[in-house]
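Encoded as structure tokens, the structure appears first; notes follow it.
Here the structure is a predicted model, which is why all the values come from computation and not from measurement. In this chain, residues are counted from 1 in sequence order.
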Amino acid sequence: MTASTVLLAALACGHVACAQDWYQMEINKGAADKIRVAAADFKPLSADPQASSEKRVFDTTLFSDLSSAGIFDMVSKSMQPTATPGSQQEISIAQWASAPTSASMVAFGNLNVSAGKLVVNGFLDDAKNAQYPLIFTKMYTDEATDDAARQVAHRFADEIIFRLSGGVPGIAESKIYYVRLMGDGVKEIAEMDFDGANQHILTHLGTDAISPRVSPDNSRIAFSALSRDGFQIKMYSLLLNRPVAFPTAGGSNISPAWGPGGSQLAFSSSRLGRNDIWVSDPQGAMARRLTSFGFDSSPTWNPKTGSQIGFISGRTGLPQLYTMDSDGSGVTRMTDGGYASSPSWSPNGQFIAFAWDRKYGPGAPGGQDIYVMEVATKRWIQLTNGIGRCDFPTWSPDGRHIAFANSPDGRANHTRIMGMLADGTDRKALTGAGADMPNWSWK
């Protein structure tokens with residue numbers, strides 16, 4: 001069935017289940033059925049005591065990365081052959097292809113620690129091709145630390161995902177930037193790996209820093225911070241590991257968003273007395289206003305084309321989702337009621353994820369959940385339900401995952417960051433309480 005056939009079938013079908021089926025097909029368009037992959041524990045080649053720690057971290061991370069990709073049917077470790085192959089000569093590919101393993105692909109290799117250096121040799125074999133099974137082999141070297149072992153596993157996982165997913169890069173090396181509530185009540189900008197590991201604080205401003213947005217080249221983070229002049233756009237250099245200059249403007253300046261080329265920055269500003277969407281260059285110069293109705297915020301660019309901006313506006317009452325051309329023309333209302341917030345445009349330009357309380361109002365039974373809308377048709381589906389207040393969705397660079405903020409009981413200090421596949425399945429917590437406003441790196 002072609003993608004267009006699926007879309008037409010969905011448009012002719014009015015119930016939610018059909019919409020869900022259509023959406024799952026659309027976000028995985030072009031992908032085949034899940035590939036059954038086995039990730040063997042790597043064979044240690046060193047008696048160095050440190051090697052056992054690095055091997056444990058590497059094996060765990062590799063399996064987790066491949067399991068989280070959303071495109072593989074992973075073979076349980078308990079169903080794998082007991083032998084641990086460390087090289088192409090040591091693997092019996094027929095054993096891995098046979099039941100109960102029944103793998104289509106096998107990732108395996110060896111790991112060595114010597115003189116403080118970590119050396120990993122990884123292999124990927126096609127278990128169904130007994131004559132020429134090798135797909136690729138890679139060697140990685142790094143410092144012998146647990147963090148380095150994690151990063152090497154991420155790199156190997158991304159290479160596997162790239163080879164088996166039709167050339168779509170993996171996300172194991174991507175980062176998520178977010179707001180961390182500190183013990184003294186202030187909010188700082190923090191960073192973590194895509195799976196929630198390696199969490200650490202970046203800024204030390206001693207004030208409320210919110211809405212981090214990383215640049216397309218991963219060199220800078222734009223965010224908004226409270227100062228004596230109110231909330232102002234700030235800039236943090238990931239290359240220099242410190243804040244860098246950005247001009248202060250009148251009024252409140254919040255919710256920055258990078259254009260896909262990194263040459264433009266959209267944001268909401270009240271410098272003329274009411275909140276409108278503005279665009280400047282990355283240094284904050286040449287600022288120009290795009291909207292003039294007031295109560296406009298939370299811009300998000302179409303990363304595929306750069307020619308459209310989604311945003312939230314209260315121009316007709318409660319905040320609704322809108323889109324417009326990047327010059328401010330062609331304004332279109334997307335939602336039909338309720339209370340919408342925090343839009344995020346998908347990498348392929350087809351969808352917008354956002355938070356929406358469709359039944360907003362006194363005594364209403366609704367709640368704020370994550371929704372995804374197809375921009376061309378305004379067709380939407382609900383991804384979360386019954387898990388508390390959900391907000392600030394952000395897409396992974398491959399478009400297969402969404403991270404978002406969630407408070408199970410609605411209390412702000414209980415907010416955590418969750419991750420899920422882009423169809424709402426495989427949901428899991430990435431942080432504990434005290435984390436909010438995630439933003440996924442572009443790559």
Side-chain angles (χ1 to χ4, degrees), residues 10-11 13-20 22-23 26-27 210-211 254-255 257 268 274-277 291 293-302 308-324 330-346 350-395 402-412 414-418 420 422-424 427 436-439:
L11 293 174
C13 177
H15 54 81
V16 175
C18 183
Q20 183 77 22
W22 158 78
Y23 177 62
E26 285 295 300
I27 64 171
I210 60 174
S211 304
I254 58 173
S255 58
S268 176
R274 58 188 180 186
N275 284 91
D276 292 306
I277 305 300
T291 65
F293 285 90
F295 309 106
D296 298 337
S297 65
S298 306
T300 178
W301 293 80
N302 181 335
Q308 292 173 289
I309 295 175
F311 64 102
I312 297 296
S313 178
R315 62 187 63 189
T316 59
L318 291 176
Q320 301 296 313
L321 173 64
Y322 288 78
T323 62
M324 63 179 170
V331 175
T332 302
R333 179 169 164 170
M334 305 298 288
T335 49
D336 56 2
Y339 191 113
S341 62
S342 312
S344 177
W345 215 305
S346 68
Q350 187 175 357
F351 303 103
I352 294 178
F354 61 104
W356 198 12
D357 187 341
R358 294 186 57 243
K359 305 294 183 180
Y360 183 82
Q368 184 165 290
D369 285 292
I370 304 301
Y371 289 75
V372 169
M373 177 181 289
E374 189 192 39
V375 177
T377 65
K378 298 184 183 180
R379 189 177 185 86
W380 54 262
I381 67 165
Q382 182 176 348
L383 298 187
T384 65
N385 184 38
I387 63 171
R389 182 180 177 85
C390 300
D391 207 349
F392 303 107
T394 178
W395 294 85
I402 293 174
F404 62 99
N406 166 250
S407 175
D409 57 8
R411 296 175 60 180
H414 289 176
T415 301
R416 59 188 176 171
I417 295 173
M418 304 282 290
M420 61 183 173
D423 62 0
R427 196 180 303 141
D436 204 354
M437 298 185 173
N439 177 240

Any donor-acceptor N/O pair, [X] side chain to [Y] backbone, under 3.5 Å:
X    : Y    : value
D369 : Q382 : no
Q368 : C390 : yes
Q320 : G338 : yes
T291 : I277 : yes
S211 : S255 : no
W356 : G337 : yes
W345 : I309 : no
Q350 : V375 : no

Is there a side-chain contact between [X] and [Y] in this structure, where contact means two heavy atoms from C-beta onward sitting under 4.5 Å apart?
X    : Y    : result
P408 : R416 : yes
R315 : Y322 : yes
T384 : F404 : yes

Assess, by modelled atom type and distance only, whether the side chains of [X] and [Y] contain a donor and an acceptor separated by less than 3.5 Å.
X    : Y    : value
N275 : S297 : no
R333 : T316 : yes
T415 : D436 : no

Show your working on side-chain contact (heavy atoms from CB on, under 4.5 Å) between F354 and T335 and close with a plain yes or no. CA-CA 10 Å; F354 61 104; T335 49; 3.7 Å; yes
